[in-house]
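Below is one structure, written out as structure tokens; comments come after it.
Numbered from 1 within each chain, the chains take letters A, B, ... in sequence-line order.
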There are 2 protein chains.
Amino acid sequence: MPEFFNVLPPQRALQALLDAMPPPGLDNDEVAVDEALGRITALDLSASEDLPSFPRATVDGYSLRAADTFGASEGLPAYFTVAGEVPMGRAAGVSLSLGEAAGAYTGGMLAHNADAVVMVEHTQQVDADTIEVVRPVAPGENVVQPGEDVRQGDTILPRGHLLRPQDLGGLTALGITRVKVTRRPRVAILSMGDEVVAPEVSPAPGQIRDVNSYTVTAQVSQAGGEPVALGIVGDVYEEQLSAARQGLEDADVLVISAGSSVSVRDMTADIINALGKPGVLVHGLSIRPGKPAILGLVEGKPAFGLPGNPVSAMIVFELVVRPTLYRLAGCVNPPEPAFTRASLTLDIASAPGREDYVPVRLYAKGSGELKAEPVFGKSNLIFTLIRADGLVQVPLDKAGLYAGETVPVRLF
Amino acid sequence: MPEFFNVLPPQRALQALLDAMPPPGLDNDEVAVDEALGRITALDLSASEDLPSFPRATVDGYSLRAADTFGASEGLPAYFTVAGEVPMGRAAGVSLSLGEAAGAYTGGMLAHNADAVVMVEHTQQVDADTIEVVRPVAPGENVVQPGEDVRQGDTILPRGHLLRPQDLGGLTALGITRVKVTRRPRVAILSMGDEVVAPEVSPAPGQIRDVNSYTVTAQVSQAGGEPVALGIVGDVYEEQLSAARQGLEDADVLVISAGSSVSVRDMTADIINALGKPGVLVHGLSIRPGKPAILGLVEGKPAFGLPGNPVSAMIVFELVVRPTLYRLAGCVNPPEPAFTRASLTLDIASAPGREDYVPVRLYAKGSGELKAEPVFGKSNLIFTLIRADGLVQVPLDKAGLYAGETVPVRLF
């Protein structure tokens with residue numbers, strides 16, 4: 001089997017997988033705009049009309065012909081006959097002649113022949129039909145022109161765009177109420193191990209309840225995927241292979257969370273290799289925790305072996321599984337991980353040639369300098385991460401970080 | 001009505017509202033752990049048992065009594081009789097006597113009387129029943145002790161905790177499969193304005209399609225709230241008041257997106273004052289865009305008037321509505337806004353005494369220094385935000401930012 005790398009930095013491992021993957025080819029869903037938050041556009045979307053479709057005032061005042069105001073000043077105001085007003089939400093019912101103005105409201109339409117709006121603060125009522133304008137306005141001043149927001153035919157959102165609240169507003173502004181999005185990648189999640197029992201079960205001595213199925217399920221949801229729980233299978237190769245095969249048939253990705261002992265880890269690699277070509281691509285990442293991770297590809301479908309330790313499993317998911325899910329969904333603008341900066345309270349030792357991820361607790365939130373206190377703990381202790389607010393990365397080329405250093409903290 | 005401030009910085013305006021609000025008192029929901037992501041715990045949760053419940057090996061090797069290895073070295077190994085092994089997922093079936101060891105697997109239970117595990121790499125098989133140990137181990141070495149992850153009776157998650165993937169894993173580890181969370185705050189969203197029509201409608205000249213209902217709905221969902229759309233009401237005071245009153249009856253919060261002309265803004269304040277006491281608390285924020293925002297409280301329920309301009313409305317939501325929703329849900333660890341740092345490509349002018357929020361487009365993502373290019377545009381142009389990846393804030397005390405400065409960008 002082409003297990004062509006051994007212990008790679010996570011970025012290189014991820015790249016090796018992405019390079020081996022076929023181009024995104026999930027089928028599409030069509031959803032209502034108000035259900036499209038966080039989904040990925042399946043097509044380029046373009047504007048079928050100008051927005052706005054008419055010239056709009058950006059202030060309260062009077063629409064008029066800018067040229068009629070040229071030279072106006074406090075000492076020598078320009079006089080205008082008020083020919084009417086354009087109420088909000090109505091087409092202009094008034095057409096201006098020389099020296100005429102029409103009442104205008106913020107967001108309302110300009111009168112016909114008007115090319116600017118003078119703010120009400122720069123006018124003075126003379127009588128019922130007459131105003132003074134005490135400052136000149138330039139053509140286009142205080143006006144949003146037709147097509148200034150977006151022009152008919154413009155691409156408003158490219159294919160592969162993860163939809164944010166403002167994107168949905170832009171779609172409804174253009175009358176687009178349904179949108180074609182890529183299907184959520186289905187992620188089959190298999191928990192393996194003779195020691196693992198379901199959370200409902202009271203574990204006997206030697207047994208532990210399943211953690212990783214639940215953390216991974218939640219991480220898949222966060223990344224826009226659709227988790228498919230395959231449950232727990234004991235350490236019997238044939239049963240594991242059969243569960244993995246069935247799971248992957250209906251899914252786009254397979255995530256196996258296996259035990260941590262060496263024999264069991266090898267079983268995960270064997271399963272991924274047995275499922276199809278090319279099988280395991282990367283076996284081992286140069287990170288701690290998370291070294292015994294597996295990245296593979298099975299007939300075009302990504303397959304991951306996560307370490308059994310919950311802390312390792314979560315970190316490996318963030319580094320390699322999450323970006324793979326965005327890629328599968330065709331997403332070109334995946335959300336950046338959220339970072340903050342904080343001052344380390346303790347030294348962190350590492351080793352060159354390895355990236356370390358250390359959970360930290362943040363405090364002094366919001367008041368004064370943020371502190372990051374390392375939460376040391378073995379990677380099989382899930383509560384290490386529960387007590388933490390984020391992760392500090394010790395880069396590959398560093399032997400550690402010092403207390404007092406200001407470091408980026410990945411919120412987690 | 002106690003409109004006791006005029007044009008406040010958003011943080012002070014928010015604080016005035018939070019100070020006036022009654023303590024969080026939403027009723028609770030009970031949900032399955034796998035549906036609890038992003039929900040807020042309604043009670044302190046504590047561990048009903050030690051985790052792990054038995055001493056677990058953290059490496060593959062042999063469990064033994066550490067004292068029996070003291071003094072062992074490559075030159076003078078300690079000899080052990082292998083009394084059996086403890087398979088994964090099984091209670092220890094073997095009890096060690098002096099000079100005995102038992103096979104141990106990562107995550108498996110130690111044999112009775114064992115207090116440490118020696119890594120297989122530090123042993124040598126002598127014959128079927130005998131091993132040499134070439135390095136001493138300390139008591140507790142390579143072992144996770146019962147209760148080391150969490151102790152029975154410990155508070156594992158405080159009340160008001162927003163549940164993350166790792167928290168769900170911690171709950172299932174302890175056999176907690178259902179969890180009491182606070183109900184999602186229901187947010188009634190009312191769009192007002194004679195010019196506003198539904199997205200399905202082909203707008204006549206002077207009309208525009210509703211944007212803010214959709215952006216606000218999505219922002220409410222992101223903040224863990226439950227949006228309740230009240231639809232669009234024209235600029236008739238009685239109809240607006242009646243829609244707002246009905247909406248607020250079934251909801252915990254009212255968000256009104258009104259037109260931007262002065263007369264209409266005053267109507268929003270009148271409505272909030274008419275709905276109940278104390279009514280409008282803050283009328284105007286010292287920010288651009290977003291100045292004409294209203295924060296109020298109606299018989300204990302927050303009520304907001306958002307500017308009609310979509311860019312302003314979204315920014316005001318982020319600054320004051322979102323934190324209010326977290327407070328209502330009793331959340332003590334609201335997610336920090338995600339920031340990145342980038343170098344400005346253009347000067348941004350502002351005015352002291354005002355916070356400016358300028359949409360920026362980020363590029364050179366991931367390769368080299370990130371650049372932030374201001375997307376200038378009037379605040380009634382929704383596509384300004386669609387073209388942007390984040391917001392740069394010009395603080396209250398600065399007159400602007402310079403091209404080349406590295407600034408924090410709030411991803412948006």
Side-chain angles (χ1 to χ4, degrees), chain A residues 33-34 37 52 54 58 60 88-91 105-109 144 148-150 156 165-170 172-173 175 177 193-195 199-200 204-211 214-215 217-219 221 235 259-262 308 310 314 336 338-340 378 380-383 385-386 411, chain B residues 33-34 37 52 54 58 60 88-91 105-109 144 148-150 156 165-170 172-173 175 177 193-195 199-200 204-211 214-215 217-219 221 235 259-262 308 310 314 336 338-340 378 380-383 385-386 411:
Chain A
V33 162
D34 53 7
L37 185 66
F54 56 90
T58 64
D60 291 350
M88 287 302 288
R90 305 281 272 282
Y105 298 98
T106 308
M109 191 168 175
V144 176
E148 188 173 339
D149 202 351
V150 72
I156 53 170
Q166 58 264 52
D167 301 321
L168 305 183
T172 62
T177 56
D194 280 340
E195 76 278 28
E200 300 76 47
Q207 297 183 331
I208 55 158
R209 296 195 186 88
D210 189 10
V211 168
Y214 294 86
T215 54
T217 292
Q219 287 179 297
S221 301
D235 287 326
S260 302
S261 81
V262 172
M314 288 197 72
E336 301 282 329
F339 279 91
T340 190
K378 305 183 176 101
N380 37 18
L381 305 185
I382 178 68
F383 280 87
L385 283 185
I386 293 174
L411 300 173
Chain B
V33 161
D34 53 8
L37 184 66
F54 57 90
T58 63
D60 291 350
M88 286 304 287
R90 305 282 273 280
Y105 298 98
T106 307
M109 191 166 174
V144 177
E148 187 174 340
D149 203 350
V150 73
I156 51 170
Q166 58 265 53
D167 301 320
L168 306 183
T172 61
T177 56
D194 280 341
E195 75 278 26
E200 299 77 46
Q207 296 182 331
I208 55 157
R209 296 194 186 88
D210 190 11
V211 169
Y214 294 86
T215 54
T217 292
Q219 287 179 298
S221 303
D235 288 326
S260 303
S261 80
V262 173
M314 289 197 71
E336 300 282 330
F339 279 91
T340 189
K378 305 183 178 103
N380 38 16
L381 305 184
I382 179 69
F383 280 87
L385 283 184
I386 294 174
L411 300 174

Do you know which of B:T217, B:V144, B:D235 has the most heavy-atom pairs under 4.5 Å to chain A?
B:V144
Let me confirm one number: the CD1-CD distance from B:I386 to A:Q166, rounded to the nearest 0.5 Å.
7.0 Å
Find the one option among B:D194, B:T215, B:L168 whose heavy-atom pairs under 4.5 Å with chain A are most numerous.
B:T215
Determine the option with the most heavy-atom pairs under 4.5 angstrom with chain B, choosing from A:G175, A:S221, A:G193.
A:G175
Would you please name every residue forming a salt bridge (charged side-chain N to carboxylate O under 4.0 Å, His left out) with A:D167, sequence neighbours left out?
A:R164
Is B:L37 close to chain A through its backbone or its side chain, or both, or neither, when contacts mean heavy atoms under 4.5 Å?
side chain
State the CD1-OG1 distance between B:I382 and A:T172, to the nearest 0.5 angstrom.
8.0 Å
dist A:Q207:CD -> B:R90:CZ (nearest 0.5 Å) comes out at 9.5 Å
Of all heavy-atom pairs linking B:M109 and A:G206, the shortest is SD-N, 3.7 Å
Distance-minimising heavy-atom pair for B:R209 and A:A173:
NH1-O, 3.0 Å
Tell me the closest heavy-atom pair linking A:D149 and B:F383, and the distance in Å.
OD1-N, 3.0 Å
Side chain to side chain contact (heavy atoms under 4.5 Å, CB included) with A:L411: which residues, sequence neighbours excluded?
A:A338, A:T340, A:L362, B:E336
So which residue, B:P52, B:P310, B:G169, B:G108, ends up with the most heavy-atom pairs under 4.5 Å with chain A?
B:G169
Please look at A:D210 and chain B and tell me whether the side chain, the backbone, both or neither of the residue comes under 4.5 angstrom of a heavy atom of that chain.
backbone
Relative to chain A, which of B:D34, B:T58, B:V33, B:I208 shows the most heavy atom pairs under 4.5 Å?
B:I208
